[in-house]
2 protein chains.
Amino acid sequence: MSGRSGAVDKRRLILDAAITVFARQGFHHCRVSDVADQAGVAYGLVYHYFDSKEQMLNELFLERWQIMLDAIGEIDAKTDLTPRQKLREVAGFIIDSYRHEPDLMKVIIVEVTRAANSFGRLHLEKIREAYNRIAVIVEAARRDGTFKQDISSEFAAMCFYGAIEQLLSGWIFDLLPATEDEFERAKSLVVEAICGGLEVSPSSTPAVSG
Amino acid sequence: MSGRSGAVDKRRLILDAAITVFARQGFHHCRVSDVADQAGVAYGLVYHYFDSKEQMLNELFLERWQIMLDAIGEIDAKTDLTPRQKLREVAGFIIDSYRHEPDLMKVIIVEVTRAANSFGRLHLEKIREAYNRIAVIVEAARRDGTFKQDISSEFAAMCFYGAIEQLLSGWIFDLLPATEDEFERAKSLVVEAICGGLEVSPSSTPAVSG
DNA sequence: CTTGCGATTGACTCGCGAGTCAATCGAGTC
DNA sequence: GACTCGATTGACTCGCGAGTCAATCGCAAG
C-alpha cells in the first residue's frame with residue numbers, strides 16, 4: 001500500500017484536494033489537472049491511485065455516506081429516545097457534518113445526491129437507504145401513535161430529509177445566513193417545523209410571546 | 001420572426017426536443033446533435049435559433065420559473081385564503097406542474113434548481129425569489145399568530161419548498177410511487193406535514209384509529 | 001555498488017462535441 | 001423567369017481535457 005509511516009499518504013492528499021476543487025469549481029467544471037495542482041502532485045499520480053475522475057467522486061461519496069447511514073442506524077438503536085429525539089439527532093448529525101466538512105458535504109449534495117441523473121444514478125440505492133432508515137424511525141412513531149397515521153413513513157422521511165437538504169443548500173449558496181448560531185438553532189427548529197408543524201398548536205412548544 | 005402561420009415553429013420544436021433529451025440523458029451527457037435529431041432538424045439550425053446549448057436550458061428554465069413566480073404571487077394575492085390554504089395552492093401548483101410536464105420539471109429541478117453550482121448560479125436570484133414569495137405567505141401567518149414565532153419565515157419557506165422538491169425528486173427517480181392518486185394526495189399531505197406537523201396533536205386533523 | 005520495484009513525473013495522444021460557415025433551398029415579389 | 005433573403009443543411013474546425021505511457025526517482029535489500 002501507500003502507507004509508509006512518515007511519508008505523506010498521497011492518496012488521501014489527492015482525495016482531499018479533490019474535495020476542495022470539486023467544491024470550488026464543481027465536478028464538471030474542473031480538470032483533473034486542477035486536482036493534481038491543488039494536491040501539489042504530478043498529473044499522472046492521480047491516475048496511479050484512481051482509475052478515473054469519477055472514481056474519486058464515488059469514493060468521496062461512498063465513504064461519507066456510509067458514515068451517515070451508520071450514524072442513523074446507531075441513533076435509531078438508542079431505545080431510550082423518542083422518535084422525535086431520534087430525528088433531532090439525525091438532523092444534528094447531518095448539520096454537524098456540514099459544519100465540520102462543508103466542502104465535502106457540498107460536493108456530496110450538489111454533485112451526487114441532487115444530481116441523481118448523472119452520478120446519483122449509480123448511488124440511488126445508497127441514497128434510498130438513507131431515506132429508508134429515516135422512514136424506519138418515523139414508522140415506529142406511527143405505530144406507537146405519536147405520529148399521524150395518514151402520512152406514510154416514506155412520505156414523511158422524504159419531507160424531513162428534503163427540508164434538511166434544502167437548509168444545507170441555503171447555507172451553501174448563501175441564501176440563508178450560515179453562522180455557528182444558525183446551525184445550532186436549525187437543528188432543533190427543523191425538527192420542530194417538521195414534527196410539530198409550522199402552525200401554533202396547544203400541544204407543542206408554545207410560541208414565544210412578543 | 002419564425003411565426004409564419006401554417007409553418008411549424010421550428011424554434012419551439014427545438015426547445016421541446018431539448019426538454020425531452022435533457023430529461024432523458026441529462027444536460028451534460030447529451031450532445032447538441034441529440035437535440036437536433038430529436039427535433040428532426042439539421043444540426044446547424046439549432047445554432048440559427050440559439051447561441052449555445054446553455055441558452056436553451058436558460059430559456060426553458062426562465063420561461064417556466066417565471067410562470068411559477070407569477071402563480072405564487074397570484075395565490076398570495078387571494079385575500080380570502082388562509083396562509084395554510086395558500087401554501088396548499090402553492091404545493092398544488094408545483095405538483096400539477098410536474099404532473100403535466102414531468103420532463104420539463106425534471107430538467108428544471110435536476111439541471112438548474114439543484115445544480116446551483118453550474119447553471120443554478122446564474123439563476124440564483126430567480127430561485128431565491130421563489131423562496132421569498134413563499135416566505136411572504138409564511139410571514140403573514142406569523143404576524144396573525146397562526147404560525148410559530150420562533151421559526152423565521154425564511155427558514156420555514158426553505159423547509160416547505162425543500163419538502164416539495166424532495167417529493168418531486170422521489171417521483172422522478174422512482175423512489176416514491178408516481179401515480180395520479182399519489183400526486184393528488186401529496187398536495188394535501190405535504191401541507192399537513194409541514195404546517196400541522198408529523199406529530200398527532202389535538203388541534204389538527206385527528207389520526208385515523210385502527 | 002547494483003539491482004528491483006513501487007512511487008512519481010509530465011509530455012503526449014486522441015476522441016469528443018460545441019460551435020462555424022459556405023452552400024443550398026424555397027417562398028414571396030416584381 | 002430572375003432576384004432576394006431568411007430558413008435550413010451538414011461537413012468541417014478546433015480546443016479542451018481525460019486518460020496513457022515511457023522515463024526517472026529513490027528507497028531498501030543483497
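A, B, ... follow the sequence lines: proteins, then strands. Residue 1 opens every chain. Only a predicted model underlies this, so the values are computations on that prediction, with no experimental measurement involved.
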Whole angstrom value for the distance that separates [atom2] of [N] from [atom1] of [X]:
X       : N      : atom1 : atom2 : value
B/Asp37 : D/dT9  : CG    : C1'   : 13 Å
A/Ile14 : C/dT9  : CD1   : C1'   : 12 Å
A/Tyr43 : D/dC16 : OH    : C1'   : 11 Å
A/His48 : C/dT9  : NE2   : P     : 11 Å
A/Leu13 : C/dA7  : CG    : P     : 15 Å
B/Arg31 : D/dG10 : CZ    : P     : 16 Å
B/Met56 : C/dG19 : CE    : P     : 9 Å
A/Tyr49 : D/dA18 : OH    : C1'   : 20 Å

Given D/dG19, C/dG19, D/dA7, which nucleotide is nearest the side-chain atoms of B/Ser52?
C/dG19
Measuring from the side chain of B/Tyr47 (C-beta onward, heavy atoms only), which nucleotide among C/dT8, D/dA18, C/dA18 has the closest atom?
C/dA18
Using OP1 and OP2 only, check whether a side-chain N or O of A/Lys10 sits under 4.0 Å from C/dT8.
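True: A/Lys10 side-chain N/O within range (under 4.0 Å) of C/dT8 OP1/OP2.
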Using 30° and 60° as the class limits, which term best fits the ring planes of B/His123 and B/Phe61: parallel, tilted or perpendicular?
tilted
Mind checking whether A/Trp171 and A/Tyr98 have parallel, tilted or perpendicular rings, split at 30° and 60°?
parallel
Straight-line distance of A/Arg185 CZ to A/Thr179 OG1, nearest 0.5 Å:
9.0 Å
Of A/Ala42 and B/His28, whose closest DNA chain C nucleotide lies nearer the 5' terminus?
A/Ala42
Just checking A/Arg64: does its CZ atom have more than 12 heavy atoms from other residues, nucleotides or ligands closer to it than 6.0 angstrom?
yes
